[in-house]
Amino acid sequence: MTNERQLEQLAIETRSHAYVVPFLPGAGVPDTPEAADRWRAFLDMLSAKTRVGEDPETKQVGILYRQGVWLGDLILADDVKTLFIIPDIREVRGALMARNARVRTRSFTHSLRVDGDLVVHQDILREEPPGIEREGDLALSWPRKVEDLRAAPQRLAAWGVGERSRLRMEEGAFTLSEEREGGAAVFVLRNVDSGRQYVWEFNAWEPVRASELGQEILNQVSARLERFCKLSGLGADFVLKNTKKIGHDIRKMLRYLEFLGTDASAAPEAEALSEVEGILRDLEKNVYGPNPDAPNILIMLDVLSDRLAARVHAVNALPREKRPEAHLQNDLEILAALSAEEVSVDGLFRHPTRAALFFLDALRSDEGRAAVRSALDDFIEAFDAALAAVGAAGDVRLQDILRWPVDTLAALKARGGEGVAAVEDLEFELARLGEVSPKAMLRSVQRAMQASGYAAEGEADLRLLGEMDRFRGSLDSLAQSPEYLLNLVLANFQSPMLENLLRVRESLLGGERDEDVGVRVILARLKTSQPLDFVRFLQRRVNWEHSVVRRFNKNAVPPRRSAAAPSRARTETSQDPRPEILALLIRVCQLGGLGKGFLDPQPAALRAGLEKMRAVIDICAHTTVVAEGDARALKCRALLKDFSNRLKLMEQAARQRDEASLRGVAAALGENYVQALRAALSMDRKRISALELLDDINTLERLRNQELGLDDILGGTDKALFFLNAVLESKAAKREIFQLVKPLNDALAELFKAREGLRLSMADVLRRFERASQNLTVRVVGEEAAGILERMRGLLRQLRAMPLARVLPVLRNAAIAEGGEAGELDAALLERMEGFERGGVSGLGLAPLHVVQLLLAHLGPLAAEEVKALSGRGEFEGKSTPTIISLSLERLRWRESILQAHNTLARR
């Protein structure tokens, strides 16, 4: 047995003062600098009220720790967002509270026993749980209600929630169970006090409507609904086969029948639809009403017969058009954008027209609304001219073109005649408006208000605009009122659910009770939920609607056209619109000079062709030479940007297999539009050099070699420091890197003072200084700046002369000294690099994201953007290093072919 010295107290220093906290006698903490630093850092993570307390046995005051045991509740500070407990503590005699912990550190690997509850934020449930054995409940600090809980049942189970281990929220305590219904697994959260149940559905916990019926009757109802859907052509899997969701199944069936009745209202067989709808509504009332009549329900099930299902099947089999899905997809995408952890003005609106819609609703003053119209002045003038030209004045509102620009333009073109030219002018104005960001639109409104003057209401509007302009964060911190939040959503919505939301706003502002139950439910959630929780509620609603529309379209048989009908009509209703669209695009390629062989004519290659063509058109839009006052060139550039947006819409529709949207966008590309594209592609434009991209392709080819050493892989100490600064996480190692590059950083700061406006970053200096500075000659930047640039070249030569074998140990020692998870991971990586001799990039054992950073250290801006885009889309997840390099190489070759195609046009 050794007489090792024990740590008796800790000296704590803060900015304002220093103090000492004692350990309890017999704590058993060795008196070493490492132990003192470890405990000092850990105490800094704790809430002030839990750092020191009274020993329950001796009544002495000190740090509540003795021999591996924390002697009370252990509470992490509210600003601590990582779950980490030092390995000295093996047991907590109380609750472990980490209210804001969102992630767990990888170094938290030891076993820990907690006698009380484990209190965490729901975000941490996405992580794998640490080795915590708890006696109490898993308690969530957020959310407060089950309907706002985003954790899937599998994650709850992984964290120990089950039938005997509870999940506790402000709403109550719940158990989790897995039940089997109709051969499918159903996960249920059940309140242990009230008995209220929630089931996991559509990636959310949905409340179960309670029924007083026995399980046997409920099973018969569920089975009958499933059989009816199967025989009527809706599909047996259209319903959930879950007795807890019978009401949900009935509402889905009613919605489908509503769509069917709208499209087949004139058919004699349509009478069966209203009969079925009546039975389903009565069935829902009886199942969920008070004192349900079981015999009456069984009679209803008999009436919902196979014969009636056959009649519905006859209606379902009639030819009909598919319903558009693009508007629902738009709503889902904007709701996903609003749900982001950090969002700015440009993220709140998908297009400046949506921002204009919001401002027209949200600004209260006459001056504010006039300023919005002033910012849209050219667009409104073109809009009024188009309406007059096609005779649609009074039929189409400004709000319609702002909300549904593609649909409204198509409708105006259909009225056609001599007014088509005016509609095309409106298209150009819309394309020009699309170049303006929502933030720029906001500032235009601000400037217009400030120039024209304003009263008290206008001052409130300006304050609203100013707050939105500065905003960057979660929607919870922006939308301070239900009306504000609803206006944000309304400005972006396009789907039929918009009508319900407009009625919600009428009820909210007018205080009148709406007759529709669905509208009242949405209003209640709007008033009682946090903004993000309301957005997620809407996501579930739109997802539900989208599921019905998808099934309706899957079952739809398009109507046949007569042989005498124009070819255009046959194209619009073709089973597969891809060949016709490809033929149109290939014609544009031929007329525009890209050549017939630019696109693959196979229908399966449509998505790839749309992406390829959009890439060329985007470059053409940016390289079109526009002389001052050249209205024709401005119009052509606006047209190319508009065409790029249409290609993007078709690309999205092709990816989602939304044939109706694909046809709708393509239908607007008439002969006048194609001829205008021909003129736009023939404009003068600047060539783009592909030399740097070809160098990058050669670099990736070289990095595929499996015999490279470390210096060859990293490309020198300068690139190595750029790479290490990007992948290392410990602050100590990053400080050492900063010290190494500090002379360069100081010189760069001097350069900016000597020559304002230079676009040269520290990343450019370390990765590609010679190329980035090749045009910065004495004539361009002046003698002083040129002298600083020459000094930077000398500093870079010194840095490159410094061997990696001298740099890596310094960084590794710094990481080891810092400790913690970040320090451990960094030290392991640096140790592998020190011991590396030869074996190519694969031999370094880098994670996919680290491989990406290594590639970025070698690549120029254009190639780097392509690799970042692949990484951002998740293309590299789970991929090996050779695969990542091969995918990047393939993408750069694709980009090089795009540049060559553009330069073919530029040479004409």
Side-chain angles (χ1 to χ4, degrees), residues 1-101 104-110 112 114 130 728-736 738-739 810-827:
M1 196 173 169
T2 60
N3 292 320
E4 186 180 28
R5 284 177 55 83
Q6 303 294 304
L7 197 59
E8 296 181 356
Q9 60 186 23
L10 274 180
I12 308 291
E13 294 185 6
T14 67
R15 290 183 180 179
S16 58
H17 65 286
Y19 60 96
V20 172
V21 290
F23 278 98
L24 296 175
V29 179
D31 188 359
T32 63
E34 294 80 8
D37 289 344
R38 184 171 67 250
W39 272 92
R40 195 174 287 114
F42 180 64
L43 289 180
D44 190 51
M45 294 172 60
L46 300 185
S47 171
K49 64 183 179 182
T50 196
R51 292 174 188 162
V52 177
E54 183 181 80
D55 182 355
E57 295 179 5
T58 66
K59 305 303 180 184
Q60 290 181 291
V61 175
I63 298 172
L64 284 175
Y65 171 82
R66 183 184 291 114
Q67 298 296 334
V69 180
W70 189 269
L71 302 171
D73 291 340
L74 184 55
I75 308 173
L76 270 60
D78 285 345
D79 61 348
V80 173
K81 297 190 176 181
T82 57
L83 178 60
F84 172 72
I85 306 298
I86 54 175
D88 308 55
I89 301 174
R90 299 284 174 170
E91 181 182 349
V92 176
R93 290 186 182 166
L96 172 55
M97 302 183 190
R99 292 188 181 91
N100 269 328
R104 54 161 291 210
T105 59
R106 294 180 184 176
S107 55
F108 184 8
T109 58
H110 66 282
L112 179 67
V114 177
L728 297 182
E729 298 181 14
S730 56
K731 294 179 181 177
K734 285 181 177 288
R735 279 196 295 269
E736 292 294 340
F738 178 75
Q739 290 302 318
V810 174
L811 301 183
R812 179 169 57 83
N813 291 334
I816 292 171
E818 179 173 315
E821 180 190 12
E824 292 172 10
L825 292 173
D826 289 355

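Scope of the values below: all heavy atoms of this structure, side chains included, with no hydrogens, waters or symmetry mates.
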| field | Candidate pair Leu96 and Leu112, rule side-chain contact (heavy atoms from CB on, under 4.5 Å), full reasoning | value | CA-CA 10 Å; Leu96 172 55; Leu112 179 67; 4.0 Å; yes
| request: Applying side-chain contact (heavy atoms from CB on, under 4.5 Å), run through Leu71 and Leu24 and close with a yes or a no. | output: CA-CA 10 Å; Leu71 302 171; Leu24 296 175; 3.7 Å; yes
| query | Hey, are Asp55 and Arg66 close enough for a salt bridge, meaning a charged N less than 4.0 Å from a carboxylate O? | reply | yes
4.5 Å side-chain heavy-atom contact, [X] and [Y]:
X	Y	value
Glu91	Arg93	yes
Gln60	Glu54	no
Asp826	Glu729	yes
Asp88	Arg38	yes
Pro130	Thr109	no
Leu10	Leu43	yes

Nearest non-hydrogen partners of [X] and [Y], listed with the distance:
X	Y	answer
Ala733	Leu728	CB-CD1, 3.9 Å
Ala827	Ala815	N-CB, 4.0 Å
Gly26	Gln67	O-NE2, 3.0 Å
Val61	Pro22	O-CG, 3.8 Å
Pro30	Ala35	O-CB, 3.3 Å
Ile75	Thr50	O-CG2, 3.1 Å

| When you look at Thr82 and Val80, which way does the side-chain contact (heavy atoms from CB on, under 4.5 Å) test go after all the steps? | CA-CA 6 Å; Thr82 57; Val80 173; 4.2 Å; yes
Between atom [atom1] of [X] and atom [atom2] of [Y], what is the distance when rounded to the nearest 0.5 Å?
X	Y	atom1	atom2	result
Ile85	Met45	CD1	CE	6.5 Å
Ser107	Glu824	OG	CD	5.0 Å
Asp78	Met97	CG	CE	11.0 Å
Leu76	Arg99	CG	CZ	10.0 Å
Phe23	Leu64	CZ	CG	11.0 Å
Leu7	Arg40	CG	CZ	8.5 Å

| task | Over 60° means perpendicular and under 30° means parallel, so classify the ring planes of Trp70 and Trp39, tilted if in between. | result | parallel
| task | Determine yes or no for a side-chain-to-main-chain donor-acceptor pair under 3.5 angstrom, with Gln6 supplying the side chain and Val29 the backbone. | result | yes
| Check: Ala95 main-chain N/O paired with Asp73 side-chain donor or acceptor under 3.5 Å | yes
| field | Whether over 12 other heavy atoms sit under 6.0 Å from Glu8 CD | value | no
| request: Go through Leu46 and Leu74 one step at a time and tell me if the side-chain contact (heavy atoms from CB on, under 4.5 Å) criterion holds. | output: CA-CA 8 Å; Leu46 300 185; Leu74 184 55; 3.8 Å; yes
